[in-house]
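All remarks here apply to the structure that follows.
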Amino acid sequence: MLQMTLALSASACRSLLAGASYLVELAKAWRPAASSDSLLERAPVMLRDAVTGFLPEPWRWFANSLIAIVAILAVFGLLFAYLTLAERKILGRIQNRPGPNRTGWFGLLQPFADGVKALTKEDIVPANADRVLHFLAPVALVALSLLGFAVIPFGRQLVPIELNAAVLYFFAAGAATELAVFMAGWASHNKYSLLAAMRALAQLISYELPLLLSFVPVVMLAGTLSTTEIVAAQGGWKWGFIPHWYVLTPWGFAGFAIFMVAALAESNRSPFDLPEAESELIAGHLTEYSGFKYALFFMAEYFGMCALSGMAVTLFLGGWQAPLPFLEFIPSYAWFAAKLLALLLGFIWIRATFPRLRMDQLTRLAWKFLVPLALINLGTAAFWSLTHDWAGPLQLARWGVAAVLVVGPFVIMGRTLSAGVAPRKYRYA
Amino acid sequence: MIFVLTIIAFLTLATAAVALALRNLIHSALLLTVSWSGIAAFYLWAGAEFVAFAQILIYVGAISMVVLFAVLLTRRSRDDFAIAPESVGRAVSALIAGGAVLGVLFGAVVSTRLPDPPTSAPVVTVRRLGLQLMSPHAAALLVVGALLTVALLGAVVLAATARRDATEDAG
Amino acid sequence: MNLSPLHLCLLFSSALFCIGLIGALCRSNTILVLLGVELMLNAANLNFIAFWRFGPAPSAETGVIFVLFSIAVAAAEAAVGLALVISIYRHQQNIRLQEANRLKG
Amino acid sequence: MLELGAFLRLMTLPVHLLWLIAALPLLAAGIGALTPRRGRALAAGVAIAAMALSFLLSCAALATALAQPAAHLVHNFAWFDLGLGPLRLGWLLDPLTAFMCVMVTLVGLLIFVFSVGYMHADANSTRFFCFMSVFAAAMLGVLIANSLLLLFVCWELVGLASYLLIGFWFHKPAAAAAAKKAFITTRIGDLGLLLGMLWLYDSTGTLLFFDAGNGVLEAGALGALTAQTTIGGLAVSTAIGLLVFCGAIGKSGQFPLHVWLPDAMEGPTPVSALIHAATMVAAGVFLVARVYPLMAADQALAHVPIHALTVVAFIGAITALMGAMIAVAQNDIKRVLAFSTVSQLGYMMLALGVGSWVAAIFHLLTHAFFKALLFLGAGSVIHAAHHEQDIRRLGGLRGPMRTTFATFAIGMMALSGVPFLFSGFWSKEAILHAAHAWNGSSLPLFAGLAAVVLTAFYMTRLVAEVFFGAPRSEAAGHAHESPPTMTIPLIGLAVGAVLLGFLGTPAYPWLQARLLGETEVHGHSLLEGGGLMMLSIVLVALGIGAGWAIYWRRLRATATALDPLERATPRTFAALAARLGFDELYAATVGRLSNATAALADALDRHVWDGAIRFLARLGEFTGVVSRETDEDMLNGGFDAGSESLRGTGKLYSRAQTGETHGYLRVIAIGFVLLVLIVMMGGGQ
């Protein structure tokens, strides 16, 4: 009995001691270190360390990753919920109607009502459907579109995984989502779905190319495929107020524009939403989906959009870098969030503004316009990189040549692009 | 370490085998995609990160798409996906030939004494890879670029229809 | 029998190669034959990586670069091969490989 | 002044970026080549923008060069490895290069602008601007090259571009023929240049001009070259120099290879302006000036039979006099100017030959401006008169074309050497002084002085015929002033034609000093050597007076009326009008020789070689008959049996050719297994 109490008390003492030392460690961590990072900046990491600090070393990275995954799911899940609401509200306002405004204040509870509705709906599977694939498609789509988040640096300290070839990883993961779209279209055993899947494949393959080509200049100039290093390369300011973001160079601007157009198409957003063009294909590959599976597709679309926007922010808009030196006190992840939200609002705005393209226009835009432009942009970036030591009046020449290389092809090819399209004659109308 | 390799190998081989034995072409193609991802996983396991992502990007992102397109373009009705089982003789001869090759390869591998593996994995950064590609292997890189261009053009020429539609824009 | 990791990798790749071979041999659908050939190619790539990782001179990146080139060639091969398949289909309305023997003398 | 100094310091162009000057027009040419026909505005805009940028860069280069005029800034690099050592090329920046670059880009820019108006109606103007840009790029390449090889490459590119441009209207047979003539004639000279280059490389092992003491124009190599002698006691440097000079003769239209230059007028007028003012003909003079140390290396040697520069001086003198004489009797406005170019180039060569290469370059620069001005003025006249080029059918254009007349008159006075105000006077004066100071012979000086009179005379004739009196044809009657894109370059060039002379007056020879690499300018009073100046002023007055007396006072009434000179001395005039019969002479000698050689070769081929072959064929036929007999009777039996059995086996094997891929694959697999098994067995033993 005595031994037992002794042992117990000893273990209690030990654990108390351990706890105390842990608290001391924590306190040390809380104290602002020599680095310029503010407390707010380090708060997420410290919070995580506070949770996982108890674990033994071999398990810690596992728990850390788990926490990162949970955090991403939570943040982007919520973002998804409110993005749908924002989209509906903004579209409504643009079209001169209020948008959802009954559930909660300003319709703030609307996403949750939608979620409950989706969950409680009947899950219909067509009789002739390929049941396995029909089930796997939405799951695979969500899973694959989530993969991309793993390498986006959300903040100075917030990179889920540091990979040497992070950009490549991101686009590899993105390429895999096409399979899921195809699976959905094929498994439904519905000709509209299949047609939509074919369209989606054609579109995704076509736009993969400009998407990949448009960021190659960034890789070239930054000299790395790692997202953190790309963001780091965009740090600093010229003359103290012009950030070194790639979008502020001629080739970077062109690359950013191409990237965003291709990203629109890659995430099946309007005006490139041909695979789910209601007027032609009912709802495309989503025709035979209902309830929660439908919601999953919806979710995957928004995740993909968020991931691509996040990548655009990382590659071109300086990632989490603050736009001006004196604004650096605001934590980096806030800047990232601000830029991300701005791009997402742009997506919504575009959806409200542009009419849908025709299939031939869609492929023509990709192959005859974006791909050549992206290739020329590669040359421009090469020029930029080769002339990095030009100073004085030569710098003006550098800017001039690069700007001409960007604007010239755009104007010339833009003309040929719209040559057969712009003033259209309708033969049967 | 070995355990992970075994799992990867098992997954890859099983999906590949099943894919090539299935009757449904679409399922075959999708399963093969899994198999290719398994190979990418092997590359990751071996430490060749860049190659792994390139494998996924090209095989899962591009080749599987092309395969699916080809499958969808080369059939007249939905029933064409289910392929009639092959003749028994052909299957048996294939198994014999394949088995013989397998036997020979296994025999060769097992009977060979291989050098001891290095203790640490070689580190290959993307930058080093890029430098290697651009300096000692630059000629090969150019040739591959030319090859890809020629292949793309060839594929377009082969697959393009000869007939010329009057498109709507022509009016 | 004491097998090193290199042995295991080689066994893995030979098995994959044979699966591809058997598939290519016993299926008559041209697409599946092509896919079998792709698998064989992949098996070869596995060997490159295995020897690069466990071979005697692990510092050189040659294995990795070889695989990169091989993947590029495989992509070209798949594009041309499948274009050929489509053109065969256009000629004979199916893609059974046995029937594509028009050049037989 | 302080700001200007600061600005000049800001405007420096490091020598390793010198290639940009030539690369920009080349880029413009590339863009022009890719532009579709309807994109003429784009092509012209790009060409002009590239030229303007090149001009700015040239100004920067000039500022750089003037900061240290005595230095030859070079940037050499290895091109490729020959095995014996790297073949090296390089850029060179010194005042000569810089001044020439500024001149070429400025004049070229003005000509480009003029072309926008002149070529407005031409369907192929994108091609035109593409070729013009190539031309300018090649010429700039010649200027910045620090290697005779690189210079030669660009030199040939100049030739190619001139061929393309002279034959721009290739549907006109005359233009096509002229293009061929220019190309082939200059090629004859280039052969000499090529031989000289090879010889030079053989003797010195390098073709770089300046290479930290190892270049061919630096003391070490020159010493070695003068030390050796070759056939006839010539120093090697003399021989090489003369061979190089052959290239200059061809390119600069010197006697006896001047025949292509007047024919080159078949191209569009801006091309003529570019060829005759800024680029092509200037290249020859520039080449001699560039390799001047090589040409002058033998001056100190007393024992050699002839000095390279003496040849240059006499060739120049002959050309100057001959060109001026022929120009008197020409009736085509552009041809008069063409022969005046020949004559003026003769002056430049004369200056080079008598040892004053700076005077040659000075005259080259001033001549570039006023000759471009005259050609563009002629182009403006031609444009206005609906492509009427015959001066007998023009006349009376002074009224409707005021700007053109005024600028043309300035050009005429500059070319004639009207004293004090016009640039041509100062540069010509410099040449005459140099010829006077030469102690070789006084014949070049007399030739130059005679050419002064003739130049003033024919220019007066030209202006009188074209601009005064009454219009003598329908087209001339309806002439009107050209558009601003054409007149503004004229005005710009006229300003240059007046002002440029003041850079090098004897009182303050700034240009000469900078070219020679001196930082201080030593002027002397105009009265020193004033006798020669007075003489030349008198001669100019004489020429203009004669022209005035003969043409101005008694203006031609109709287009068909005889020329007063023709009435006076019909034979001489006819000979001059026929350009002293050089073309006929060449046709009778070189042309006939080549025809005869061709006939000889043809006869040899037809009779001798053919006969031999026919004999061989007969022999072969005979052998064939014999062998067939033996073959059929004796050998075939066995072979027939053998081939029968082969065919049987082949049939058997062809069954394996099923056309079925699987079968092949299977065989490959089994073959592989067998192979491995065999290897393993073998390895076991």
Side-chain angles (χ1 to χ4, degrees), chain B residues 2 5 9 12-13 16-17 20 25 28-29 32 35-36 39 42-43 46-48 50-51 54-55 58 62-63 66-67 70-71 73-74 83 86 90-91 94-95 97-98 101-102 105-106 109-110 114-118 121-122 124 128-129 132-133 137 140 144 147-148 151-152 154-155 158-159, chain C residues 1 3-12 14-23 25-29 31-32 35-36 38-39 42 45-46 49-50 52-56 58-59 61 64-65 67-69 71-80 82-87 89-90 93 95:
Chain B
I2 299 298
L5 173 65
T12 310
L13 294 178
L20 289 179
L25 257 180
S28 287
L32 266 178
S35 180
W36 286 328
I39 291 166
F42 170 80
Y43 293 156
F50 187 83
V51 179
Q55 165 94 4
I58 290 172
I63 294 187
V66 182
V67 169
V71 170
L73 285 176
T74 54
I83 303 156
E86 310 302 333
R90 174 193 291 279
L95 279 177
V101 172
L102 188 69
L105 285 176
F106 267 37
V109 169
V110 170
L114 291 164
D116 289 331
V124 52
R128 265 189 69 80
L129 212 54
Q132 286 274 316
L133 273 180
H137 301 279
V144 165
L147 174 79
L148 283 174
L152 182 69
L158 281 175
Chain C
M1 193 164 60
L3 290 179
S4 67
L6 183 51
H7 274 112
L8 293 178
C9 292
L10 292 184
L11 290 181
F12 173 27
S14 2
L16 193 64
F17 184 87
C18 290
I19 288 173
L21 180 63
I22 294 172
L25 275 178
C26 73
R27 300 307 298 257
S28 66
N29 188 304
I31 294 181
L32 276 176
L35 290 180
E38 283 288 342
L39 273 185
N42 266 309
N45 289 353
L46 278 185
I49 291 292
W52 164 75
R53 171 70 177 80
F54 300 110
S59 58
E61 291 91 345
V64 175
I65 285 171
V67 174
L68 283 180
F69 284 135
I71 289 178
V73 173
E77 177 235 303
V80 175
L82 291 165
L84 277 174
V85 170
I86 289 174
S87 128
Y89 175 75
R90 207 169 281 145
Q93 300 303 312
I95 49 169

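Remember, it's a predicted structure, so these values are computed and weren't measured experimentally. Values below: all heavy atoms of this structure, side chains included; hydrogens, waters and symmetry mates excluded. Just so we're on the same page: letters track the sequence lines, and every chain starts at 1.
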| Steps toward side chain to side chain contact (heavy atoms under 4.5 Å, CB included) verdict (B:Gln55, C:Asn42) | CA-CA 10 Å; B:Gln55 165 94 4; C:Asn42 266 309; 3.3 Å; yes

Out of [options], return the one with the most heavy atom pairs under 4.5 angstrom to chain B.
options                            : answer
C:Leu35, C:Leu84, C:Ile65, C:Val80 : C:Ile65
C:Gly36, C:Ala76, C:Ser87, C:Ala79 : C:Ala76
C:Val85, C:Leu68, C:Leu10          : C:Leu68
C:Leu16, C:Leu21, C:Val73          : C:Leu16

| said: Rounded to the nearest 0.5 Å, what separates atom OG in B:Ser28 from atom CG in C:Leu32? | reply: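 Result: 5.0 Å between the selected atoms.
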
| Between CZ of B:Phe42 and CG of C:Asn45, what distance do you get to the nearest 0.5 Å? |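 Here the interatomic distance stands at 10.5 Å.
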
| request: Count the heavy-atom pairs under 4.5 Å between each of B:Leu133, B:Val101, B:Leu13 and chain C, then report the option with the highest count. | output: B:Leu13

Which atoms of [X] come close to chain C, meaning under 4.5 Å heavy atom to heavy atom: side chain ones, backbone ones, both, or neither?
X        : result
B:Leu32  : side chain
B:Val144 : side chain
B:Leu102 : both
B:Ala16  : both

How far apart are the closest heavy atoms of [X] and [Y], and which atoms are they?
X        : Y        : answer
C:Ala72  : B:Leu148 : O-CD2, 3.5 Å
C:Arg90  : B:Leu158 : NH1-O, 4.0 Å
B:Phe106 : C:Ala15  : CE1-N, 4.1 Å
C:Trp52  : B:Ala48  : CZ3-CB, 3.8 Å

| field | Donor-acceptor pair, side chain of C:Arg27 and main chain of B:Leu20, under 3.5 angstrom | value | yes

| task | Mind running side chain to side chain contact (heavy atoms under 4.5 Å, CB included) on C:Cys9 and B:Leu5 for me, showing each step along the way? | result | CA-CA 8 Å; C:Cys9 292; B:Leu5 173 65; 4.2 Å; yes

| request: Any chance you could lay out the side chain to side chain contact (heavy atoms under 4.5 Å, CB included) test for B:Val67 and C:Leu82, step after step, and finish with the verdict? | output: CA-CA 7 Å; B:Val67 169; C:Leu82 291 165; 3.8 Å; yes

Side chain from CB out, backbone as N, CA, C, O: work out which of these in [X] comes under 4.5 Å of a heavy atom of chain B, or both, or neither.
X       : value
C:Val67 : side chain
C:Ile31 : side chain
C:Ile86 : both
C:Leu46 : both

| task | Evaluate the side chain to side chain contact (heavy atoms under 4.5 Å, CB included) criterion for residues B:Trp36 and C:Leu39: first the C-alpha distance (whole Å), next the side-chain angles of each, then the deciding distance (0.1 Å), finally the verdict. | result | CA-CA 8 Å; B:Trp36 286 328; C:Leu39 273 185; 4.1 Å; yes

